[in-house]
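All figures in this text were calculated on a predicted structure; none of them were measured in a lab.
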Amino acid sequence: MDLKIENGIHIIQGSLVGILTVQGVIIGASVFGDTSFIINAALGGAVALALANCAGSYVTRSAKEYDKLSRLEKPLLRSLDNTKIKKLTEKNVLVCSIAMGSASFIGSLIPILPFILLETRHLEVSIGLSITALALLGIYSGKVLKQNILLHLIRIAGLGGVIILVIYILFLIKTGQPIM
């Protein structure tokens with residue numbers, strides 16, 4: 001698969017997970033109503049998620065790429081250490097890992113911004129901004145994969161909206177009162 005497409009997929013996945021995970025942290029922390037607590041909890045989640053996604057991508061990508069290398073080495077009856085192929089493999093693993101971690105962190109910032117920039121209606125704007133970002137991510141996904149843009153927009157924004165709604169309903173059930 002083309003490295004540009006693979007990095008695009010990592011950006012899509014990392015951003016999606018970042019937005020939705022931190023939105024969940026924000027909804028949960030909103031029960032307490034303290035804006036500074038919400039921001040700190042969300043930022044802690046954002047950093048942890050970005051590092052975990054970077055590490056997870058590194059481990060899984062390394063396994064996949066080094067498996068490919070070992071399959072190439074067998075018919076060649078030689079090691080590919082110190083070759084361009086090995087260096088490209090190492091670079092590919094590193095670039096994909098950084099793309100996943102960075103996208104997770106940047107995506108995580110989207111639902112946090114209203115709590116930093118606005119005086120009121122933080123949660124409502126955060127949810128609206130997150131769904132808007134997911135819609136834009138759907139457009140990007142359709143373009144990167146050269147597929148139906150509208151279908152990707154509806155799929156990503158729709159799934160994200162459902163996930164946010166489920167999280168909100170679970171906290172509504174737990175607390176017995178609306179968070180917004």
Side-chain angles (χ1 to χ4, degrees), residues 6-61 96-145 147-180:
E6 282 191 54
N7 283 334
I9 290 169
H10 287 294
I11 289 168
I12 294 161
Q13 182 182 3
S15 298
L16 177 81
V17 170
I19 292 167
L20 293 174
T21 301
V22 171
Q23 189 66 68
V25 170
I26 288 171
I27 290 170
S30 291
V31 172
F32 298 103
D34 179 8
T35 303
S36 66
F37 175 77
I38 294 166
I39 292 169
N40 287 324
L43 285 173
V47 170
L49 178 68
L51 294 174
N53 273 345
C54 185
S57 178
Y58 179 80
V59 169
T60 57
R61 191 72 193 185
C96 288
S97 301
I98 291 171
M100 176 70 91
S102 299
S104 295
F105 185 72
I106 292 167
S108 295
L109 294 177
I110 292 168
I112 299 171
L113 286 176
F115 290 87
I116 296 170
L117 301 175
L118 301 176
E119 293 294 319
T120 61
R121 320 254 341 134
H122 305 112
L123 187 58
E124 296 92 331
V125 174
S126 177
I127 290 171
L129 192 58
S130 292
I131 292 172
T132 301
L134 292 170
L136 293 172
L137 202 55
I139 293 169
Y140 174 71
S141 174
K143 285 185 176 187
V144 165
L145 299 173
Q147 296 176 358
N148 186 314
I149 292 172
L150 183 60
L151 179 63
H152 280 260
L153 180 153
I154 292 168
R155 183 182 302 151
I156 292 177
L159 286 172
V162 167
I163 290 167
I164 291 169
L165 182 63
V166 167
I167 294 166
Y168 182 82
I169 289 170
L170 288 173
F171 276 91
L172 180 63
I173 291 168
K174 183 184 181 318
T175 63
Q177 58 186 338
I179 299 168
M180 290 191 256

Taking only residues at least two apart or on different chains, which pairs with a member in residues 109-123 satisfy salt bridge (charged side-chain N to carboxylate O under 4.0 Å, His left out)? R121-E124
Within a 6.0 Å radius of atom OH on Y58, are there more than 12 heavy atoms belonging to other residues, nucleotides or ligands? no
Drop me the distance from [X]'s [atom1] to [Y]'s [atom2], to the nearest 0.5 angstrom.
{"X": "L16", "Y": "S130", "atom1": "CG", "atom2": "OG", "value": "11.0 Å"}
{"X": "S97", "Y": "R61", "atom1": "OG", "atom2": "CZ", "value": "8.5 Å"}
{"X": "I39", "Y": "L113", "atom1": "CD1", "atom2": "CG", "value": "10.0 Å"}

Table please: side-chain donor-acceptor pairs of residues 98-108 below 3.5 Å, with sequence neighbours left out.
unit_1: S102; atom_1: OG; unit_2: I98; atom_2: O; d: 2.8
unit_1: S104; atom_1: OG; unit_2: G14; atom_2: O; d: 3.4
unit_1: S104; atom_1: OG; unit_2: N53; atom_2: ND2; d: 2.6
unit_1: S104; atom_1: OG; unit_2: M100; atom_2: O; d: 2.9
unit_1: S108; atom_1: OG; unit_2: G18; atom_2: O; d: 3.4
unit_1: S108; atom_1: OG; unit_2: S104; atom_2: O; d: 2.6

So do the side chains of [X] and [Y] get within less than 4.5 Å of each other, counting heavy atoms only?
{"X": "T35", "Y": "H122", "answer": "yes"}
{"X": "L170", "Y": "K174", "answer": "no"}
{"X": "L109", "Y": "V22", "answer": "no"}

Review item, side-chain donor-acceptor pairs of residues 151-166, under 3.5 Å, at least two apart:
unit_1: H152; atom_1: ND1; unit_2: S141; atom_2: OG; d: 2.7
unit_1: H152; atom_1: NE2; unit_2: Q147; atom_2: OE1; d: 2.7

Do you know the tightest heavy-atom contact between L129 and I110? CD2-O, 3.4 Å
Can you give me the closest heavy-atom contact between Y168 and I27, atom names plus distance? CA-CG2, 4.1 Å
Which residues pass the side chain to side chain donor-acceptor pair (under 3.5 Å) test with S57, not counting sequence neighbours? none
My understanding is that only residues two or more places apart in sequence, or in another chain, count here; which of them pass side chain to side chain donor-acceptor pair (under 3.5 Å) with N40? none
Sorted by chain and residue number, the side-chain contact (heavy atoms from CB on, under 4.5 Å) partners of S30 (sequence neighbours excluded) come out as I26, I38, F115, L123, I179
